[in-house]
Amino acid sequence: MIRMLILGLLLLAAAGAFTGLVIADNLPGGPEYTVSVLGQDIATMNTLAIFCSGLALALIFCAGLSAVASTAAHRRRQRPRTHASHPDGPGR
């Protein structure tokens, strides 16, 4: 349960950081873009490839968000409920 939360948060952070670094490092460009992250050139992509990679990053982000949401819902359902008990007992 806690592993899914950590994995989801890790996926969210990784997708967000990668997207931010790619956008920050590649603002100027033409029809062919050289994608670099932290000063390293990793690919030369056209606009269609960049669009498809954006879709893939969005799916990874949604998978992480789904893992976090499902873990939170699971933890809420598994938490024992504590109710104040009446001093006379139930039904009295």
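Note that the structure is a prediction, hence the values are computed from the model and not measured.
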Taking every heavy atom of D41 against every heavy atom of S36, the minimum-distance pair comes out as OD1-CB, 3.3 Å
Flag, side chain of T71 to backbone of A67, donor-acceptor distance under 3.5 Å: yes
Expected list for residues 48-56: side-chain donor-acceptor pairs under 3.5 angstrom, two or more places apart:
from : atom 1 : to  : atom 2 : distance (Å)
S53  : OG     : A49 : O      : 3.3
S53  : OG     : I50 : O      : 2.8

Linked, directly or transitively: F61 and I6 (ILVMFWY side chains, under 4.5 Å): yes
d(I42 CD1, F18 CZ) to nearest 0.5 Å is 4.0 Å
Test side chain to side chain contact (heavy atoms under 4.5 Å, CB included) applied to L9 - qualifying residues, sequence neighbours left out: L5, L12, V68
